[in-house]
Amino acid sequence: MYQRPELPELVFTDPDGNAIPYGHRWGVDGAPERTYSRTRHPERFAPLVEVADALIEHLERTYDVDVRYTEGLPADAPDTVRSAEQGQVRIARAATLLPRHDGCAPLVIAETTFPSIVVAMGAAGEARSPACGCDACDESLEESAELLERIVLSVVEGRFQERYSWTDGIEITIGGGTAASYSREPRHAADKERVDALKQSQRERHGERWLPWPPRRDDAEGTWEAEAEPLRLWTRQEREAAIEAALDRIRRRLRSA
């Protein structure tokens, strides 16, 4: 079972020496305009790296998945991860998680030098923790950790879904119930690479939804169980042969009655 690492109680102060109550800074009037372009004390998000590491360790231990670790930006990183490198911000390291079932959404969990965590999901899904990081958004370390956990666990539990259509563009749902989030990106505004990747993914999945990740299946000797043969539709010849066999059984029973 996943357990979040204990988060440190970090205290940061404003120019007057007062502790900054991140998560509760602004009242009903909202944040001052100047704070939208300012990020002070981004180091408060550094412990998110430990949360990401704990999640990756949990997934590798619990699910039937291959994990590849990379220092810096992976050569095959999706555009949703590459786009996180802006200005002086770079990808420090990444973990690519590929479930051993084609119907399950892959994950890339990457650490940036901001510091923050970038998550690429499926073919076109992207999320970041913290979601922004500016002073105006006033995100706390704890709520950013909760966001990261909700995103990652939604993927492995089959509660992340993505869809592309000509009329609606890219639609993404994360989570379920009252906690579900929905986003829509019109076709004309969506990145072409993301659209192409999602269309290809939908063709390969025959339009089916992403499935929950299968649990790890180690036996006592550490070997893998053989996978069951996937279900498929019968061919016309197989259907006709099955019908003829059934009719033959009926004829024999009638003759022996």
Which of Thr112, Asp53, Thr70 passes side chain to side chain donor-acceptor pair (under 3.5 Å) with Arg93? Answer is Asp53

*asked:* Do Val65 and Leu107 have side chains that approach each other closer than 4.5 Å (heavy atoms only, starting at C-beta)?
replied: no

Q | Tyr63 and Arg100: CA distance, side-chain angles, deciding distance, side chain to side chain contact (heavy atoms under 4.5 Å, CB included) verdict | A | CA-CA 9 Å; Tyr63 295 96; Arg100 295 178 178 139; over 6 Å; no

Please evaluate residues Thr80 and Val108 with respect to the criterion side chain to side chain contact (heavy atoms under 4.5 Å, CB included), reporting the C-alpha separation (whole Å), side-chain torsions for both, the decisive distance (0.1 Å), and the verdict.
CA-CA 10 Å; Thr80 47; Val108 179; over 6 Å; no

Exercise. Show your working on side chain to side chain contact (heavy atoms under 4.5 Å, CB included) between Tyr2 and Val156 and close with a plain yes or no.
Key: CA-CA 12 Å; Tyr2 168 74; Val156 302; over 6 Å; no

OH of Tyr22 to NE2 of His41, rounded to nearest 0.5 Å, is 4.5 Å

Separation between CG (Leu141) and CD (Glu43), nearest 0.5 Å, reads 11.5 Å

So do Glu149 and Val51 actually touch side chain to side chain, heavy atoms under 4.5 Å? yes

Here the gap from Arg44 atom CZ to Leu10 atom CG, rounded to the nearest 0.5 Å, amounts to 10.0 Å

Q: Report yes if some heavy atom in the side chain of Glu60 is under 4.5 Å from a heavy atom in the side chain of Glu57; otherwise report no.
A: no

With Pro106 as partner, the option from Leu98, Thr96, Leu97 fulfilling side-chain contact (heavy atoms from CB on, under 4.5 Å) is Leu98

**Report entry** Side-chain touch Leu153/Leu55, heavy atoms, less than 4.5 angstrom
**Finding:** yes

